[in-house]
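Values reported hereafter were calculated over all heavy atoms of this structure, with side chains retained and with hydrogens, waters and symmetry mates removed. Nothing here was measured: the structure is a model prediction, and the numbers come from that model.
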Amino acid sequence: MTGDDKYASVRYIVDDVQAAIDFYTTHLGFTVNMSAAPAFADVVRGRLRLLLSGAPSSGARATPADASGPGRNRIHLPVENLDAEISRLRDAGLTFRSDAISGPGGRQILLSDPAGNLIELFQPAQ
C-alpha cells in the first residue's frame, strides 16, 4: 500500500480510450486527470479515479483472456435527481441498459460506456 488515499481507483478496460474520455467527461461530470491515449487515461469525479485502459496498456495486457467481457460489477454514481439525470442523458442520445428500479435504499438505473462497462446512477431514498 502506498498510503495515498486521495482516490478510490477502478480500472475499466475499454476499446477506445478517447471515446471513453469523451463519454465520462461529457455526460457524467468526470475531469481528465491524465491522458496517454490511445493506451491509457484516468478521469476523476470526487474521490473516484477511473482508470481507462486501452489494448496497448499494461492494465489491459495483464487481464486474462477469459475475462474479455464486462462483468456484473459496475461503478456507482450517486445523483440528487434520478429522473432529471435520465432525461438529460436520454436527450444526449444515451441508451439505458435497464429501467429505473426502486429498492429500500433508493432508486437506480444502469447505462453502459462505449465499451460496454456498466454504470449505476443511484438516488438514495429520502
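- The CZ atom of F23 sits 9.5 Å away from atom CG of N117, with the distance rounded to the nearest 0.5 Å.
- Hydrophobic clustering (side-chain heavy atoms under 4.5 Å, transitive across Ile, Leu, Val, Met, Phe, Trp, Tyr) groups V10 together with V43.
- Residues near I101 contribute nothing to a hydrophobic cluster around it, because no ILVMFWY side-chain heavy atom sits closer than 4.5 Å to its side chain.
- Around CG of N81, the count of heavy atoms belonging to other residues, nucleotides or ligands within 6.0 Å exceeds 12.
- S35 pairs by the side-chain contact (heavy atoms from CB on, under 4.5 Å) definition with I21, V32, A37, A41, not counting sequence neighbours.
- Rounding to the nearest 0.5 Å gives a distance of 12.0 Å between CD1 of I119 and CD1 of I109.
- Considering OG of S9 and CG of L50, their distance stands at 9.0 Å, rounded to 0.5 Å.
- The side chain to side chain donor-acceptor pair (under 3.5 Å) check on E85 picks up R88, with sequence neighbours excluded.
- Closest approach of A19 and P114 over heavy atoms only: O-CG, 4.0 Å.
- In this view, F96 satisfies the ring-ring contact (aromatic ring centres under 6.0 Å, His included) rule with no residue, not counting sequence neighbours.
- Taking all atoms of both residues into account, the shortest heavy-atom contact from R97 to G116 is NH1-O, 4.0 Å.
- Tracing side-chain contacts under 4.5 Å through hydrophobic residues (I, L, V, M, F, W, Y), one never reaches V44 starting from L121; they form parts of separate clusters.
- Partners of D15 under the side chain to side chain donor-acceptor pair (under 3.5 Å) rule, at least two apart in sequence or in another chain, do not exist in this structure.
- To the nearest 0.5 Å, atom NZ of residue K6 and atom CZ of residue R47 are 10.0 Å apart.
- Remark: side-chain polar atoms of S57 are paired, donor with acceptor, to backbone N or O of G54 under 3.5 angstrom.
- Applying the salt bridge (Lys or Arg N to Asp or Glu O under 4.0 Å) test to residues at least two apart or on different chains, the pairs with a partner in residues 27-46 are D42-R49.
- Evaluation of the salt bridge (Lys or Arg N to Asp or Glu O under 4.0 Å) test over residues 106-121, restricted to residues two or more places apart or in two chains, returns R74-E120, D83-R107.
- When the side chain to side chain donor-acceptor pair (under 3.5 Å) test is applied to S53, the partners found at least two apart in sequence or on another chain are R11.
- Side-chain heavy atoms closer than 4.5 Å link hydrophobic residues (I, L, V, M, F, W, Y) into clusters, and following such links, possibly through other members, connects L77 to L82.
- Residue pairs that meet the ring-ring contact (aromatic ring centres under 6.0 Å, His included) test with at least one member in residues 28-52, sequence neighbours left out, are Y24-F30.
- Across all non-hydrogen atoms, the minimal contact from A125 to P104 is CB-O, 3.9 Å.
- The distance from atom CG of L89 to atom CG of L28, rounded to the nearest 0.5 Å, is 6.0 Å.
- Under a hydrophobic-cluster definition in which Ile, Leu, Val, Met, Phe, Trp and Tyr are linked whenever side-chain heavy atoms come within less than 4.5 Å, directly or via other members, L51 and I75 are assigned to different clusters.
- With hydrophobic clusters built from ILVMFWY side chains whose heavy atoms lie under 4.5 angstrom apart, L94 shares a cluster with L52.
- Contact between V14 and A20 at its shortest, heavy atoms only, is CG1-CB, 4.0 Å.
- Residues in residues 107-126 take part in these ring-ring contact (aromatic ring centres under 6.0 Å, His included) pairs, two or more places apart or across chains: H76-F122.
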